Each structure stands twice: as C-alpha cells, then as structure tokens.
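Heads up, the thing below is written out as structure tokens.
Note: hydrogens, waters and symmetry copies are ignored here, and every other heavy atom, side chains too, is used. Note that the coordinates shown come from a computational prediction; the quantities given were computed from them, not determined experimentally. In this chain, numbering begins with 1 at the start of the sequence shown.
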Amino acid sequence: NQSSGNNDWVASFGSDNATNSTLNIARKSPGTNSDEYFQYDGVNNNYGPVITGQTWTILTQTQNSSAPYHGMWLDGAVQVVDDLTSGALSANTDFRIADWADSPGASYMLAGKIPEVILFNKILNTAEMYIVHSYLGAKYNIANSNDRYAGDNPGNGDNDHDVIGLGTESDGSNSVAHGGGIELTASSGFENGDYLMAGHGVKTNSLNTTDVGGGYAARWDRAFWFDVTDASTTLEIDLIFDISKGGLGGVANGTASNYKLVYRAGISGSWTTIASAAGYTNDRIEFENITPTADGFYTLATIDESGSP
C-alpha cells in the first residue's frame with residue numbers, strides 16, 4: 001500500500017502541462033478518493049473504481065481519438081471512469097513504469113510490484129482484449145470476468161505457458177496466433193463469441209518416446225491444451241508446428257504424412273490421430289483444415305522417428 005501523498009503510479013506517459021496531455025494509471029493516495037483509480041490528464045483529476053491493495057490485478061487502459069476517449073478494465077470487467085475531454089496526448093515524452101512521467105522520483109514511485117506491461121499501438125477489439133486477459137489470467141493465476149481459457153486449471157494440467165488464442169466478437173476478430181512452437185490461423189466457422197485458446201505446461205520441450213502408443217514412434221513432450229468455445233458452425237483452422245520455436249533442433253524430413261496431429265482428452269490415456277500433415281517447409285510442419293471440436297491435449301507425433309524426426 002502507498003504512503004500518504006503517494007499516488008502509486010503504475011504507468012505514466014506524457015507531460016503535465018495541459019489538459020489531456022498525459023495518460024496514466026495510478027491509485028489515489030490516502031485522503032479524498034482514497035485508493036480509487038486515478039488518471040491525471042494534465043489539469044483535471046479523473047477517477048474510477050477502488051483498486052484493492054496487496055492483490056494481484058489486471059489493469060487495462062485505453063485512450064481513443066474519439067469519445068469515449070478513456071477506457072479502463074479491472075480484472076477483465078469494464079469500469080465506469082471519468083472521461084477525458086479529448087484524445088490529445090503529448091508526443092515525444094517519456095513513458096515511465098512505476099513512476100510519474102512529469103516529476104519522476106522516489107516520492108512518486110509505486111510501492112508495489114509489476115510483473116508485466118504490454119503496450120499496443122491500437123485499440124484492441126473485444127476478442128483481442130479477451131485473449132490478452134485470458135493469457136494474463138493463466139500466467140499469473142488471476143481470475144478475470146472474460147476468461148476464455150480453462151487449460152490452466154489444475155484438473156486440466158496447469159497449462160499456463162504461452163497461452164494464445166483465436167476469437168471473434170461483433171467488433172472484430174483475432175485470426176492468427178503463435179506461441180510455444182505452434183501457429184494457429186482461423187480458416188472458417190468463427191462467429192461472434194467463438195474462441196480457440198491454446199497453452200501448454202511443458203517449459204522445456206523434448207521428444208517423448210514412452211507416453212505414445214497407438215503406433216506412434218515419438219511425439220513432442222509439449223502438448224497443447226485446446227479450449228474450444230463454439231456455439232454452432234464447426235471451427236476450422238490451419239495449424240503449424242515450428243520445430244525450432246518449439247525448442248527442438250533439426251528439420252522435417254521424409255514423407256509428410258508420417259507426421260500426425262494427435263489428441264487425447266486428459267492428462268493420461270491413449271492418443272488418437274486427428275490428421276496427417278499436409279506438408280512441411282524446413283522445420284515447419286503444416287496441418288490444414290483442422291476441426292478441433294473438443295477440449296483436450298493436441299500435439300505433434302511421428303510414426304517414423306528416424307525417417308521423419
């Protein structure tokens with residue numbers, strides 16, 4: 001918690017010299033509006049919800065060129081905040097983390113911890129924002145109101161690494177995602193409210209030759225939990241496994257169909273083939289027109305470890 005007179009500046013950009021010249025996230029010091037979300041625009045004090053201290057929190061802020069100029073989300077839930085009067089913002093000024101941009105120094109620094117800051121050069125659409133919140137919620141174990149990913153739950157194996165997603169809402173989509181060695185591209189079927197999220201629980205990847213079965217010679221030890229949210233039309237995607245980005249060496253070789261996309265519903269059990277690879281380019285193995293209809297683990301396997309490693 002902050003001391004008296006310290007507004008707990010989380011992030012600040014701009015110059016404190018004119019209305020709407022700054023954009024910042026802060027928590028008001030004890031006194032009037034104590035502990036409330038605080039945005040100082042260069043002249044006016046703007047407030048929002050109370051931010052609880054000593055608690056990990058996902059804070060999201062936007063500034064737009066048209067009204068409403070200022071938006072704020074707390075753990076994924078949109079908040080009512082005092083709006084700015086324009087979308088102006090001073091350029092060529094410092095961006096500071098855990099400090100006030102206009103008067104940096106110990107008396108204004110955050111009394112807290114910030115594990116991650118993400119900046120975007122545009123206003124995210126709803127699907128993009130939900131995916132980002134889901135990624136942060138999984139990584140830092142923070143519940144949020146628009147979480148679209150359950151792969152980080154203990155019963156599903158705590159797959160909270162490299163969480164990515166595809167999704168669509170009425171104001172736009174996120175149609176390409178990559179992380180942890182896979183790349184997802186939406187092909188068809190994504191309607192409003194539809195999502196495909198993915199994450200894994202294996203920090204250091206390797207080849208697994210024991211937990212395979214089903215005629216497979218080896219598979220990636222890193223298996224991705226797919227979380228499918230689909231109201232009607234079946235989702236269809238293209239999927240690429242990138243060997244080097246998956247933390248392994250070498251390139252694809254031999255017959256493309258030796259490589260299999262395999263699936264199982266839980267942490268243990270038999271693997272089944274979803275599809276054979278359509279082709280490969282160097283270390284990128286490509287699967288086309290995949291229809292992941294069920295939550296569970298998906299990974300790359302081979303039926304010929306020596307010919308198609």
Note to self: Could you work out, with side-chain hydrogen bond (donor to acceptor under 3.5 Å, both in side chains) as the rule, every residue matching D230, not counting sequence neighbours?
What the structure shows: none
Item checked: Point-to-point distance, once rounded to the nearest 0.5 Å, from CD1 of I303 to OG of S308 -> 7.5 Å
Checklist line | Cluster check I123, L119: I/L/V/M/F/W/Y, side chain < 4.5 angstrom | finding: no
Notebook entry, point to check: In terms of hydrophobic clusters joined by side-chain contacts under 4.5 Å, are I240 and L248 together?
Noted result: no
Check: Are D35 and K28 close enough for a salt bridge, meaning some N to O gap below 4.0 Å?
Finding: no
Next item on the list: Spell out, as yes or no, whether a donor-acceptor pair under 3.5 Å connects the side chain of S134 to the backbone of V132.
Entry: no
Checklist line | 4.5 Å side-chain heavy-atom contact, I114 and V10 | finding: yes
Next item on the list: Would you please indicate if the ring centroids of Y140 and W56 are separated by under 6.0 Å?
Entry: no
Item checked: Polar side-chain atom of N208 near backbone of W220 as donor-acceptor pair, under 3.5 Å -> no
Item checked: Residue D211 excluded, over 12 heavy atoms near CG under 6.0 Å -> yes
Check: Is N253 close to P309 at the side-chain level, that is, under 4.5 Å between some pair of heavy atoms?
Finding: yes
Check: Do E305 and T209 have side-chain N/O donor and acceptor atoms under 3.5 Å apart?
Finding: no
Notebook entry, point to check: Does the pair I118 and Y135 meet the rule for a side-chain contact (heavy atoms from CB on, under 4.5 Å), with working shown?
Noted result: CA-CA 12 Å; I118 306 174; Y135 153 77; 4.0 Å; yes
Check: Partners of V176 by side chain to side chain contact (heavy atoms under 4.5 Å, CB included), sequence neighbours excluded?
Finding: T185
Check: Once you round to the nearest 0.5 Å, how far does OG of S187 lie from CG of D238?
Finding: 3.5 Å
Note to self: Going by side-chain hydrogen bond (donor to acceptor under 3.5 Å, both in side chains), name the residues that satisfy it together with R148, two or more places apart in sequence or in a different chain.
What the structure shows: none
Notebook entry, point to check: Are L300 and L239 connected, step by step, through hydrophobic side chains (Ile, Leu, Val, Met, Phe, Trp, Tyr) whose heavy atoms are closer than 4.5 Å?
Noted result: yes
Checklist line | Shortest non-hydrogen contact between L196 and V228, atoms and distance | finding: CD1-CG2, 3.8 Å
Checklist line | Nearest non-hydrogen partners of A127 and S173, listed with the distance | finding: CB-CA, 4.5 Å
Next item on the list: Verify the distance criterion only: is there a donor paired with an acceptor across the side chains of E191 and S232 at less than 3.5 Å?
Entry: yes
Next item on the list: Identify the two heavy atoms, one from T272 and one from Y216, that lie closest to each other, and give their separation to 0.1 Å.
Entry: C-OH, 3.3 Å
Check: Would you say the side-chain atoms of R222 pair up with the backbone N or O of G201, donor to acceptor, closer than 3.5 Å?
Finding: no
Note to self: Listing request: all ring-ring contact (aromatic ring centres under 6.0 Å, His included) pairs with a residue in residues 170-208, at least two apart in sequence or in separate chains.
What the structure shows: H161-H200, H200-F224
Margin query: Assess the residue pair D295 and W225 against the criterion (side-chain contact (heavy atoms from CB on, under 4.5 Å)); give the C-alpha distance rounded to whole Å, side-chain angles, the decisive distance to 0.1 Å, and a yes or no.
Written below: CA-CA 7 Å; D295 295 355; W225 179 273; 3.8 Å; yes
Checklist line | Donor-acceptor contact present, side-chain S257 to main-chain T255, <3.5 Å | finding: no
Notebook entry, point to check: Step by step, would you call S276 with K260 a side-chain hydrogen bond (donor to acceptor under 3.5 Å, both in side chains)?
Noted result: CA-CA 5 Å; S276 299; K260 308 294 183 181; 2.7 Å; yes
Checklist line | Which residues share a side chain to side chain contact (heavy atoms under 4.5 Å, CB included) with A198, sequence neighbours left out | finding: I164, I182, L184, F226
Margin query: Distance alone, cut at 3.5 Å: any donor-acceptor contact between the side chains of H133 and N144?
Written below: no
Check: Has the side chain of D304 got a donor or acceptor atom that lies under 3.5 Å from a matching backbone atom of G307?
Finding: yes
Next item on the list: Please report the shortest heavy-atom distance between A256 and A277, naming the atom on each side.
Entry: O-CB, 3.3 Å
Notebook entry, point to check: Taking atom CG of D221 and atom CG of L207, what is their separation to the nearest 0.5 Å?
Noted result: 9.0 Å
Next item on the list: Output all residues satisfying side chain to side chain contact (heavy atoms under 4.5 Å, CB included) with N174, sequence neighbours left out; order by chain, then residue number.
Entry: E128, I131, A177
Next item on the list: Quick one: list whatever passes side-chain hydrogen bond (donor to acceptor under 3.5 Å, both in side chains) with S175, sequence neighbours left out.
Entry: none
Checklist line | Check: D152 and V163 side chains under 4.5 Å, non-hydrogen atoms | finding: no
Notebook entry, point to check: Do K122 and L124 come close enough that some side-chain heavy atom pair is under 4.5 Å?
Noted result: yes
Margin query: Any heavy-atom pair between the side chains of D194 and L235 that's under 4.5 Å?
Written below: yes
Show me the donor-acceptor pairs within less than 3.5 Å that the side chains of residues 284-294 make with the rest of the protein, sequence neighbours left out.
{"unit_1": "R284", "atom_1": "NH1", "unit_2": "D242", "atom_2": "OD2", "d": "3.4"}
{"unit_1": "E286", "atom_1": "OE2", "unit_2": "T281", "atom_2": "OG1", "d": "3.2"}

Note to self: Can you tell me how far apart CG (D147) and OG (S145) are? Round to the nearest 0.5 Å.
What the structure shows: 9.0 Å
Margin query: Just by distance, no angles: are the side chains of D283 and S244 close enough, under 3.5 Å, to form a donor-acceptor pair?
Written below: yes
Check: Quick one: side chain to side chain contact (heavy atoms under 4.5 Å, CB included) partners of S66, sequence neighbours excluded?
Finding: N64
Next item on the list: Measure across A11 and F95 and return the closest heavy-atom pair with its distance rounded to 0.1 Å.
Entry: CB-CZ, 4.0 Å
Checklist line | Point-to-point distance, once rounded to the nearest 0.5 Å, from OG1 of T52 to CD of Q54 | finding: 10.5 Å
Next item on the list: Using the salt bridge (Lys or Arg N to Asp or Glu O under 4.0 Å) rule, collect all pairs that involve residues 154-178, keeping only residues at least two apart or in two chains.
Entry: none
Notebook entry, point to check: Would a 4.5 Å heavy-atom cut-off, applied to side chains only, mark F38 and N45 as touching?
Noted result: yes
Check: Is a donor on one side and an acceptor on the other found under 3.5 Å between the side chain of R27 and the backbone of I51?
Finding: yes
Check: Restricting to pairs with a member in residues 244-285, which pass ring-ring contact (aromatic ring centres under 6.0 Å, His included), not counting sequence neighbours?
Finding: Y263-Y298
Next item on the list: State the CE-OH distance between M197 and Y130, to the nearest 0.5 angstrom.
Entry: 13.0 Å
Next item on the list: Determine the minimum heavy-atom distance between N159 and Y149, stating which atoms define it.
Entry: O-OH, 2.5 Å
Checklist line | Chi angles and distances behind the side-chain contact (heavy atoms from CB on, under 4.5 Å) call for T229, D227 | finding: CA-CA 7 Å; T229 303; D227 194 323; 4.2 Å; yes
Report all side-chain donor-acceptor pairs from residues 70-83 shorter than 3.5 Å, counting only partners two or more places apart or in another chain.
{"unit_1": "H70", "atom_1": "ND1", "unit_2": "D82", "atom_2": "O", "d": "3.2"}
{"unit_1": "H70", "atom_1": "NE2", "unit_2": "Y37", "atom_2": "OH", "d": "2.8"}
{"unit_1": "H70", "atom_1": "NE2", "unit_2": "Q61", "atom_2": "NE2", "d": "3.4"}
{"unit_1": "D75", "atom_1": "OD1", "unit_2": "I58", "atom_2": "N", "d": "2.8"}
{"unit_1": "Q79", "atom_1": "NE2", "unit_2": "A77", "atom_2": "O", "d": "2.9"}
{"unit_1": "D82", "atom_1": "OD2", "unit_2": "Y47", "atom_2": "N", "d": "2.8"}
{"unit_1": "D83", "atom_1": "OD1", "unit_2": "Y69", "atom_2": "N", "d": "3.2"}
{"unit_1": "D83", "atom_1": "OD1", "unit_2": "H70", "atom_2": "N", "d": "2.9"}
{"unit_1": "D83", "atom_1": "OD2", "unit_2": "Y69", "atom_2": "N", "d": "3.2"}

